[in-house]
> 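Questions regarding the structure given below will be posed in turn.
Start at 1 and go down the list; that is how both ligands and their atoms are numbered.
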Amino acid sequence: MATINFGGVLEDVVTREEFPMEKAREVLKNETIAIIGYGVQGPGQALNLKDNGFNVIIGQRKDSKTWDKAIADGWVPGKTLFEIEEAAQKGTIIQFLLSDAGQITLWPTLKQYLTPGKALYFSHGFGITYKEQTNIIPPADVDVILVAPKGSGTSLRRLFLAGQGLNSSFAIFQDATGKARDRVIALGIGVGSGYLFQTDFKKEVYSDLTGERGTLMGCIQGIFAAQYEVLRKNGHSPSEAFNETVEELTQSLMPLVAENGMDWMYANCSTTAQRGALDWWKKFKAATQPVFEELYASVAAGKEAARSIASNSTPDYREKLNEELKELRESEMWQAGAAVRKLRPNNA
Ligand SMILES: NC(=O)c1ccc[n+]([C@@H]2O[C@H](COP(=O)([O-])OP(=O)(O)OC[C@H]3O[C@@H](n4cnc5c(N)ncnc54)[C@H](O)[C@@H]3O)[C@@H](O)[C@H]2O)c1
Ligand SMILES: CC(C)(O)[C@@H](O)C(=O)O
Ligand SMILES: [Mg+2]
Ligand SMILES: [Mg+2]
């Protein structure tokens, strides 16, 4: 473990230096890793594990589109691709990567395959933390572990192929075998994590549900739409409004923040911009902090979990989500965005 100072707070972080891939392979050499679910995280983690030399099989519903996707990705029916129950029976580590709502439906079937000494692996603390709503209560004689990539499974795979990685958090809910820590860190390295930050199931899900409803996805769409509409209401063209709201951020300024922090990005803008940004950011903080307080309270009360379970358990949940995504896509702002993207120099 490396002890790193995060803004004055010392935290222990697992790095590849002390847990190299060779060690991960040694730890998991007798394991069969069964990935149940092949949506976004499933493919990213499974393909990275396979390319890293681990023994991986996939469990999927045969009549599903993702069964066909698994075959297109190179998984072989009867050899590395099985129906869900057969994969769960063969697996010594079961990576439960169905949707969070899907995990609830499958749990009564899956739990019979969690025989003593196996490991049940999640990429979200949802199922375990909200057990009153999910009824996911593992048997006492299995390890229960978590590796939660801090990003999309699509990025996890792309970064792996580019020789990079995503940071992940990891947690141990139950160590029945005495091997849970080695197993979870080996899996974290194997799925393509860069660094591994320790957390617990509850903190992972509370922070994750907050982040994706907040700055990562929900809040950012909200402030984009708000600024875009104010610019348009005051006569600015769609392209000018979109460039000033989204395109400049993603193409120029956010990469500078990623490179060296917010002050670095500010310092690489005009002094006019710096003055304005330093004057206004606290006003925006004051306006949004009450919303973040409300959001966190809703997460902690289990209301966001209930909403997600209710919405994503209906037979047509995917169609309903796609309908709302279509509304976003067809909004003027994102239609303008599609046109602007086509004008990017690398698209010329
Ligand atoms: N999407 C991400 O990049 C991401 C990132 C970090 C953590 N996670 C976590 O990883 C896990 C998997 O997330 P995901 O986004 O890959 O899931 P997803 O929503 O893409 O669903 C995964 C698969 O589960 C299938 N499924 C849904 N309900 C089912 C059911 N009742 N029976 C059988 N299959 C069913 C879906 O068809 C899909 O193929 C979740 O716990 C999620 O919170 C996801
Ligand atoms: C990719 C995210 C948003 O970080 C993940 O938490 C998810 O639920 O998809
Ligand atoms: Mg997340
Ligand atoms: Mg999430």
Side-chain angles (χ1 to χ4, degrees), residues 13 35-48 66 69 95-106 121-131 133-134 136 145-162 164-171 173 184 187-188 191-224 250 254 257-258 291-292 295-313 317-318 320-322 324-325 328:
V13 179
I35 311 264
I36 309 297
Y38 207 72
V40 184
Q41 276 299 326
Q45 295 194 30
L47 292 168
N48 288 356
T66 39
K69 173 173 169 36
Q95 294 198 194
F96 207 4
L97 297 182
L98 293 189
S99 67
D100 297 300
Q103 291 173 23
I104 299 169
T105 314
L106 189 73
Y121 163 115
F122 294 87
S123 282
H124 199 19
F126 190 101
I128 292 289
T129 303
Y130 297 112
K131 63 180 183 294
Q133 298 186 52
T134 67
I136 295 178
I145 54 181
L146 169 145
V147 173
K150 295 294 99 181
S152 166
T154 305
S155 311
L156 187 72
R157 181 63 179 162
R158 285 182 184 175
L159 287 167
F160 173 82
L161 294 174
Q164 298 164 19
L166 264 184
N167 289 335
S168 298
S169 55
F170 76 95
F173 179 76
V184 72
L187 287 163
V191 300
S193 304
Y195 292 91
L196 289 164
F197 298 82
Q198 187 149 16
T199 185
D200 62 43
F201 275 63
K202 184 176 173 182
K203 284 201 175 64
E204 191 283 330
V205 64
Y206 280 23
S207 58
D208 190 80
L209 293 181
T210 301
E212 61 201 24
R213 284 151 186 74
T215 60
L216 301 179
M217 296 170 69
C219 172
I220 194 162
Q221 164 59 25
I223 58 173
F224 280 176
T250 61
M254 266 302 158
V257 176
V291 183
F292 282 100
L295 166 58
Y296 195 87
S298 180
V299 167
K303 292 177 184 169
E304 294 305 312
R307 161 82 171 143
S308 177
I309 291 166
S311 170
N312 293 342
S313 299
Y317 79 93
R318 188 76 74 180
K320 282 185 180 156
L321 284 173
N322 287 338
E324 291 186 63
L325 293 176
L328 266 192

> Is it the case that Ser169 and Thr199 place a side-chain donor and acceptor less than 3.5 Å from each other?
no
> Verify the neighbour count for atom CZ of Phe224: are there more than 12 heavy atoms of other residues, nucleotides or ligands below 6.0 Å?
yes
> For atom 8 (O) of ligand 2, is some protein heavy-atom partner under 4.0 Å away?
yes
> Just to verify, which of Asn48, Val40, Leu47 counts as forming a side-chain contact (heavy atoms from CB on, under 4.5 Å) with Leu156?
Asn48
> Taking heavy atoms and a distance under 4.0 Å, where does His124 meet ligand 2: side chain, backbone, both or neither?
neither
> Just give me the atom name: the N, O or S atom of Glu212 closest to the Mg ion (ligand 4).
OE1
> Step through the shown structure and confirm whether more than 12 heavy atoms of other residues, nucleotides or ligands are within 6.0 Å of CZ on Arg158.
no
> Hey, is ligand 2 close enough to Asp208 that some N/O pair sits below 3.5 Å?
yes
> Quick one: does Met217 get within less than 4.0 Å of ligand 2, heavy atoms only?
yes
> Is it true that Leu216 lies under 4.0 Å from ligand 2, counting heavy atoms only?
no
> For atom 5 (C) of ligand 2, what is the nearest protein heavy atom, given as residue, atom name and distance?
Glu212 OE1, 3.7 Å
> For Phe122 and Ile136, work out which heavy atoms get closest and say how close.
CZ-CG2, 4.0 Å
> Which heavy atom of Leu159 sits nearest a heavy atom of Gly165, and at what distance?
CD1-O, 3.8 Å
> Considering the heavy atoms of Gly151, write down every atom of ligand 2 situated less than 4.0 Å from one of them.
1 (C)
> Counting backbone and side chain alike, does Asp208 bring an N/O/S atom below 2.8 Å of the Mg ion (ligand 3)?
yes
> Is the distance between the ring centroids of Tyr130 and Phe126 under 6.0 Å?
yes
